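Working notes, structure below.
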Amino acid sequence: MSKRENYISWDEYFMGVALLSGKRSKDPSTQVGACIVNTQNKIVGVGYNGLPIGISDDEFPWQKQGSFLETKYPYVCHAELNAILNNIGISLHGCKIYTALFPCNECTKAIIQSGIGEVIYLSDKYATQDSFVASKKMLEKAGIAMRKMEAQQKHIALSFEEGDV
Ligand SMILES: Nc1ccn([C@H]2C[C@H](O)[C@@H](COP(=O)(O)O)O2)c(=O)n1
Ligand SMILES: [Zn+2]
């Protein structure tokens, strides 16, 4: 029997882990996941957008509109920052971060400070917002590579049916 040919690429694997991680998010509008990978293609951190530890998902707002303090925005910890903070306790120097959504300016500062060398994203849907324009400016100046992921396989299905393994 010869080798299976339609296995997923490293990019698809790591972005897949980021997307699966985003499935844990309680944000009703936008679920973001991130996955950090070292130079040996080992996963060293994952995260998704959610409230900080100890803050109840049910007691804080998830809305987008209204006065700032009544929206989710001041409280949610972004996927990329969570992935950095959840790392396995190593230097992230030279690592890559896979994120479903292009990083905001706050996460970008953390990405730069942690030594991550490349940002791979799927969506850049907020590209015209100031925060994301600022991110690109900083990433460019800091010499951090950015690329939009082009997946060969647009959909990957997972089954938890034991008979499917
Ligand atoms: N790169 C990003 C961008 C956004 N997020 C989080 C922050 C919010 O929970 C949500 C965006 O909400 P929306 O304004 O689309 O309703 O996604 C992130 O984790 N990483
Ligand atoms: Zn962010």
Side-chain angles (χ1 to χ4, degrees), residues 10-38 43-88 90-151 154-156:
W10 283 119
D11 272 359
E12 288 161 348
Y13 175 50
F14 297 130
M15 191 59 87
V17 170
L19 292 173
L20 191 60
S21 173
K23 298 282 183 205
R24 285 278 312 149
S25 176
K26 318 299 180 310
D27 189 321
S29 316
T30 306
Q31 302 82 42
V32 186
C35 174
I36 303 174
V37 179
N38 73 9
I43 294 173
V44 296
V46 288
Y48 58 87
N49 54 328
L51 293 175
I53 293 168
I55 299 182
S56 167
D57 295 323
D58 300 313
E59 289 168 21
F60 274 65
W62 286 108
Q63 62 211 41
K64 291 160 70 104
Q65 311 287 345
S67 76
F68 186 57
L69 292 177
E70 285 163 8
T71 68
K72 63 187 171 180
Y73 295 110
Y75 312 111
V76 172
C77 191
H78 288 193
E80 301 91 322
L81 184 60
N82 272 333
I84 290 170
L85 296 173
N86 289 342
N87 89 76
I88 59 170
I90 56 153
S91 162
L92 300 183
H93 200 267
C95 287
K96 299 177 193 176
I97 187 165
Y98 288 80
T99 178
L101 193 51
F102 196 86
C104 76
N105 64 310
E106 293 299 332
C107 291
T108 291
K109 287 183 265 185
I111 289 169
I112 295 169
Q113 296 302 71
S114 67
I116 288 173
E118 186 174 3
V119 174
I120 301 115
Y121 59 94
L122 263 189
S123 165
D124 194 10
K125 67 177 178 176
Y126 294 131
T128 57
Q129 291 185 7
D130 286 352
S131 161
F132 299 86
V133 173
S135 290
K136 288 203 186 82
K137 246 177 157 171
M138 287 191 278
L139 290 167
E140 273 162 19
K141 286 285 176 201
I144 295 177
M146 313 163 237
R147 69 182 159 87
K148 182 169 161 53
M149 194 189 128
E150 301 300 341
K154 296 290 181 201
H155 300 273
I156 297 173

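Worth saying up front: this structure is predicted, and the values here are computed from it rather than measured. Whatever order the structure lists them in is the order used to number ligands and atoms, beginning at 1.
- Using a 30° and 60° split on the angle between ring planes, Trp10 and Phe14 fall in the parallel class, below 30°.
- Residue-ligand proximity, Tyr73 to ligand 1, at heavy-atom distances under 4.0 Å covers atoms 13 (P), 14 (O), 16 (O).
- With respect to the Zn ion (ligand 2), His78 has ND1 as its nearest N, O or S atom.
- The contact set between ligand 1 and Lys64, taken as ligand atoms under 4.0 Å from a residue heavy atom, comprises 13 (P), 14 (O), 15 (O), 16 (O).
- Looking at ligand 1, you won't find any N or O of Phe132 less than 3.5 Å from one of its N or O atoms.
- When each of Lys136, Arg147, Lys148 is paired with Asp124, the salt bridge (Lys or Arg N to Asp or Glu O under 4.0 Å) condition holds for Lys136 and for no other.
- Heavy atoms from both the backbone and the side chain of His78 come within less than 4.0 Å of ligand 1.
- Tyr126 has its side chain out of reach of Phe102: every pair of non-hydrogen atoms, C-beta onward, lies at least 4.5 Å apart.
- Using a 4.0 angstrom heavy-atom cutoff, Asp27 counts as in contact with ligand 1.
- When hydrogens are left out, the protein atom nearest atom 11 (C) of ligand 1 is Thr30 CB, 3.7 Å; that is the closest non-hydrogen contact.
- Considering both main-chain and side-chain atoms, Lys125 never comes within under 3.5 Å of ligand 1 through any nitrogen or oxygen pair.
- The shortest side-chain heavy-atom distance between Tyr121 and Leu101 does not fall under the 4.5 Å cut-off.
- Nearest approach of Ser25 to Thr30, heavy atoms of both residues: OG-O, 4.2 Å.
- Side-chain contact between Leu122 and Leu19 is present, with at least one heavy-atom pair separated by less than 4.5 Å.
- Counting only heavy atoms from C-beta outward, the side chains of Thr108 and Phe132 never approach each other to under 4.5 Å.
- Distances below 4.0 Å separate heavy atoms of Ser29 from the following atoms of ligand 1: 16 (O).
- Under the 4.5 Å side-chain criterion, counting only non-hydrogen atoms from C-beta, Ser29 is in contact with Lys72.
- When heavy-atom distances to ligand 1 are checked against a 4.0 Å cut-off, Gln31 has no atom that comes that close, whether in backbone or side chain.
- Residue-level proximity to ligand 1 for Leu101 is carried by backbone and side chain together, each with a heavy atom below 4.0 angstrom.
- The two residues Cys95 and Val44 have their closest heavy-atom pair at SG-CG2, 4.1 Å.
- For Tyr126, every heavy-atom contact with ligand 1 shorter than 4.0 Å involves the side chain, none the backbone.
- Every N/O-N/O distance between Val32 and ligand 1 stays at or above 3.5 Å.
- Listed by number with element, the atoms of ligand 1 under 4.0 angstrom from any heavy atom of Lys72 are 12 (O), 13 (P), 16 (O).
- Comment: Glu106 engages Lys109 in a salt bridge, judged by a side-chain N to carboxylate O separation of less than 4.0 angstrom.
- The single protein non-hydrogen atom nearest to atom 17 (O) of ligand 1 is Asn49 ND2, 3.3 Å, given as residue, atom name and distance.
- Ligand 1 lies less than 4.0 angstrom from a heavy atom belonging to Pro103.
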